[in-house]
Amino acid sequence: MVAEAAINEAQTGSYSDRFCELFEAYQPALRRLVSAYVVNPADREDLLQEIAAGMWKSLPGFRGESSERTWIYRIAHNIAIRASSQVRMRSAREPLLESSLDRAAGASSAEDTLLLDEKRRMLVEAIRELPVVERQILTLHLEGLSGTEVEEVTGFSAGAVATRLTRIRQKLAERVQGGRAQ
Amino acid sequence: MNQDYDLEQLWRSQPVSPALKGEDMRKIVLQKMEKFDRKVHTRNRSEVIVAGLTAMAFSYFVWAQQNSLARLGAAIVVASLIWIVFYILRRGTGPVDPNPDQSLAGYRSALVSKIDYQIRLLRSVKYWYLLPMYVGLLTLSAGWLQDRAAVGGLTGKDAIGPVIYTVIFGGIWWLNEVYAVRKLRAWREQLASGAQESESC
């Protein structure tokens, strides 16, 4: 019993360390991912916590059959689908509350910064308006996952994903342009 | 936005909230899980306690009532309360959430199955929760009314009790079978439309 308890404790400790490493490594990507599902910053934080809880619970079962990256994205998108449907989604336009947190991303002047903020906002809004499957495929692609990795996460063939991506990009460009025209 | 604009770069340069340490998030997760478990435990315990106390009260009626119809009604209520506790403890929690560590298409399909189960459970509330107790209360009321009629006639006030519990039971039925099912159906449709999209991939 004592040995068993010691093993459990050691395992929990190693899971704990692994969880912390994984969460810190993927946190920026996970924060971007939640922005594709929920608008409100408080809802985003809740969703991030839900995803982290999903990672924590699933970690003991992770056997390394897939890469850590695809494993995390699977959990994150699955939980986001479940949780975001239950969250009362605000249809209001995305508030630029966070824009002051990261102004340095390549912008050289105030005008450039505003332009970049606007482009980002339009992109995120357009992504959020996409049907769920398209949103998932696109965000995975934008995070730099290969066709095979997207296949691993979604369960759709790499060929189907590639075809779909072309259509999504067109649709996205049309939506963003439509948004600008208004 | 120009077609050649680097969407990837734009996406990844999104401003995000300040980073949280892994250890801090681990603590938040554990606290949340503990809170959730405590909430479920407290809810289950309260339900069992309330049902137990109510069953005890109605058991007294079974023993104290002279009218056999009223005794039968009280006995039905006691039996239905025992049945409800058994049902809640055995089946009320429903299936666990599907494992999120599976493909998106597989998870969505598992989630739809879970919602279907919840809808079936809510739609059956009238049979396993409301009906047995309602029949018991009606029988009990009939026994009391029989006694009242025997001693001096019935008045409009005698209908107040049955009307009150009928309204309460109607409200519980509406909340479960109409309101909650409507919400679950909307969620299911949303997920099912995602599943249809998956099939077209």
Please tabulate, for side-chain N and O atoms in residues 47-63 of chain B, each donor-acceptor pair with protein atoms closer than 3.5 Å (sequence neighbours left out).
unit_1: B/Thr54; atom_1: OG1; unit_2: B/Val50; atom_2: O; d: 2.6
unit_1: B/Ser59; atom_1: OG; unit_2: B/Ala55; atom_2: O; d: 2.7

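Ranked by heavy-atom pairs under 4.5 Å with chain B, the list A/Arg74, A/His77, A/His141 is led by A/Arg74. Counting heavy-atom pairs closer than 4.5 Å to chain A, the top-ranked of the candidates B/Leu111, B/Leu20, B/Ile28 is B/Leu20. Taking chain B as the reference chain and counting heavy-atom pairs below 4.5 Å, the highest number among A/Gly61, A/Ala25, A/Ala53 is found for A/Ala53.
Proximity to chain A (any heavy atom under 4.5 Å) is shown, for B/Lys183, by neither the backbone nor the side chain. Using a 4.5 Å cut-off between heavy atoms, B/Met25 contacts chain A through both its backbone and its side chain. Of the atoms belonging to A/Gln136, it is side-chain heavy atoms, and not backbone ones, that fall under 4.5 Å from chain B. Neither the backbone nor the side chain of A/Leu22 comes within less than 4.5 Å of any heavy atom in chain B. B/Leu30 touches chain A through its side chain: at least one heavy atom from C-beta onward sits under 4.5 Å away, while N, CA, C and O do not. Interface remark: A/Glu21 contributes no atoms to any contact with chain B (heavy atom separation under 4.5 Å).
Residues A/Trp56 and A/Ser16 share a closest heavy-atom pair of CZ3-CA, 3.7 Å. Considering every non-hydrogen atom in both B/Gln65 and B/Ala70, the closest pair reads OE1-CB, 3.6 Å. Pairing each heavy atom of A/Ala76 with each of A/Leu30, the nearest pair is CB-CD2, 3.6 Å.
Residues forming a side-chain hydrogen bond (donor to acceptor under 3.5 Å, both in side chains) with A/Glu24 (at least two apart in sequence, or on another chain): none. Annotation: side-chain hydrogen bond (donor to acceptor under 3.5 Å, both in side chains) contacts of A/Ser67 (sequence neighbours excluded): A/Thr70.
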TODO: Check the pair B/Gln146, B/Asn67 against side chain to side chain donor-acceptor pair (under 3.5 Å), reporting the backbone distance first and the verdict last.
DONE: CA-CA 8 Å; B/Gln146 210 174 40; B/Asn67 184 297; 2.9 Å; yes
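At a threshold of 4.0 Å, the pair B/Arg26-B/Glu23 counts as salt-bridged, since one of the basic side-chain nitrogens sits closer than that to a carboxylate oxygen. Ion pair A/Glu134/A/Lys171 flagged as a salt bridge, since at least one NZ, NE, NH1 or NH2 atom sits closer than 4.0 Å to an Asp/Glu carboxylate oxygen.
Residue-level contacts of residues 170-177 of chain B with chain A do not occur; threshold 4.5 Å between heavy atoms.
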